[in-house]
Protein chains: 2
Amino acid sequence: MSENLAPDSSLQQQMETFEETCRTADLKLTHQRLEIYRELARATDHPSAETLHTRLQKSLPTLSLDTVYRTLATFEQHHLVKKVQTVDSQAHFEAQMSQHHHVICDSCKEIMDFHWNSFDSTPLPEDLRQWGAIRNKNVTIHGTCRKCQDVKAGKKPA
Amino acid sequence: MSENLAPDSSLQQQMETFEETCRTADLKLTHQRLEIYRELARATDHPSAETLHTRLQKSLPTLSLDTVYRTLATFEQHHLVKKVQTVDSQAHFEAQMSQHHHVICDSCKEIMDFHWNSFDSTPLPEDLRQWGAIRNKNVTIHGTCRKCQDVKAGKKPA
DNA sequence: TTCTCGGTAAGAATTATTCTTATTTGCATA
DNA sequence: TATGCAAATAAGAATAATTCTTACCGAGAA
Ligand SMILES: [Mn+2]
Ligand SMILES: [Mn+2]
Ligand SMILES: [Zn+2]
Ligand SMILES: [Zn+2]
């Protein structure tokens, strides 16, 4: 029930930054935008538009799925959220904009964040320098998470 | 016209491996499967199903798009091709199964391969070890390729 | 050559996302 | 606080990407 939530301490701060960015960009601070952003910022599981929409039913019962899509697209243009690269048919989103990487469980599809500073500061291979202007480099790891391994092995969850 | 082609030397070998895998897996060697695989193996640009279908019109005028999708899915199950992780709505595919990484131009969407052996042999950060069983780790780089930089700068192509 | 079953093509169906339009709302201003 | 208006929203239609259904076909075994 309290899964997939980021520590609350920074959320307040993040909401303020969000509101500031909206004001600067002349984006109206609607109830929908605030709640969509808050819900995504709270999540640690990189939800799809549909998942977000479902989670928001409680607080915004009349919210349309289209608004979720449209709002996320707007946020993306303003670098407030990112689309996560996956092999899924549904797009996944995150509000976590600072440098990090992803581990994906191919079994349950869960996407988790992790940090890797030594990688971040490693220079790229020579032959890439001439490719063009590089904006960022990220690692994606695929495998089977502990939970799914245990299920497959017939173990009960702790 | 001769763009996006892999060096031909290994293609012959790759086709033989493909045929062998099909036989072992009890997959019938149909004309469609051979041509779809060959076309993908020849490509270096990670085409979508639709792009592949278009390219195959010449050699297989009656080939349906559905067959391309279905065949690629079958190949994927047998580890003959991979879906490439992108942020695109269309899925992209490749027949290049050996370890490599991707640079993506956010402007023209071109996906290029590159190799990075020193990365490949670098151990993962400690805290990931307990996550589960890791199958592979890959780097994705985003930026703007030289071509697109030049276009933006108003330069003529060489 | 015949048989059989997996594979294919065509079109219908589904799923994910975006567009159109009428209505509402944030917010600047009086 | 009331008014005006552009921007944002909801609802449903439309589109795009992918998959399903079904009748026919052809690869490979016998
Ligand atoms: Mn993330
Ligand atoms: Mn590749
Ligand atoms: Zn899992
Ligand atoms: Zn480019």
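For clarity, every value in this text was computed on a predicted model and none was experimentally measured.
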Neighbour count above 12 (heavy atom, 6.0 Å) for Q90(B) CD:
yes
Could you list the residues that satisfy ring-ring contact (aromatic ring centres under 6.0 Å, His included) with H53(B), not counting sequence neighbours?
none
Without decimals, in angstroms, what is the distance between L34(A) CG and dG26(C) P?
10 Å
Under 4.0 Å, heavy atoms only, any strand: does A91(A) hit a base, just the sugar-phosphate, or nothing?
sugar-phosphate
For F93(B), give me all partners under ring-ring contact (aromatic ring centres under 6.0 Å, His included), at least two apart in sequence or on another chain.
none
Step through the shown structure and confirm whether more than 12 heavy atoms of other residues, nucleotides or ligands are within 6.0 Å of CD on Q130(B).
no
In this structure, how many angstroms lie between the C1' atom of dG26(D) and the CD atom of E35(B), rounded?
16 Å
Residues that, via side-chain heavy atoms closer than 4.5 angstrom, fall in one hydrophobic cluster with V139(B):
V103(A), M112(A), F114(A), W116(A), F119(A), L124(A), L128(A), W131(A), I134(A), V139(A), I141(A), V103(B), M112(B), F114(B), W116(B), F119(B), L124(B), L128(B), W131(B), I134(B), I141(B)
Spacing between R33(B) atom CZ and dG26(D) atom C1', to the nearest angstrom
12 Å
What is the distance, rounded to the nearest whole Å, between atom NE2 of H53(B) and atom P of dA17(D)?
14 Å
Donor + acceptor pair across side chains of T67(B), S64(B) (<3.5 Å)
yes
Going by side chain to side chain contact (heavy atoms under 4.5 Å, CB included), L80(B) matches just one of T21(B), L40(B), T74(B). Which one?
T21(B)
Kindly give the atom pairs (protein nitrogen or oxygen, nucleotide nitrogen or oxygen) under 3.5 Å for nucleotides 27-30 of chain C.
| residue | atom | partner | partner atom | Å |
| --- | --- | --- | --- | --- |
| dC27(C) | OP1 | L29(A) | N | 3.1 |

Locate the shortest heavy-atom distance separating Q149(B) from G132(A); write the atom from each residue and the value.
OE1-CA, 3.4 Å
Rounded to whole Å, CD of E19(A) lies from P of dG26(C) at a distance of 13 Å
Distance, rounded to the nearest Å, where H31(A) contributes NE2 and dG26(C) contributes P
9 Å
Can you name the atoms? Protein N/O to nucleotides 10-13 of chain D N/O, anything below 3.5 Å, with the distance.
| residue | atom | partner | partner atom | Å |
| --- | --- | --- | --- | --- |
| dA10(D) | OP1 | Q32(A) | NE2 | 3.4 |
| dA10(D) | OP1 | T62(A) | O | 3.4 |
| dA10(D) | OP2 | S64(A) | N | 3.3 |
| dA10(D) | OP2 | S64(A) | OG | 3.4 |
| dA10(D) | OP2 | T67(A) | OG1 | 2.4 |

Whole Å only: how far is the CG atom of D88(A) from the P atom of dA16(C)?
9 Å
Side-chain hydrophobic cluster, 4.5 Å single linkage: members besides I111(B)
V84(B), I104(B)
At 4.0 Å (heavy atoms only), tell me whether A73(A) reaches a base, stays on the sugar-phosphate, or touches nothing.
nothing
Using whole Å, report how far CG of L72(A) lies from P of dA16(C).
15 Å
When you match T71(A) and S48(B) each to their closest nucleotide on DNA chain D, which lands nearer the 5' end?
T71(A)
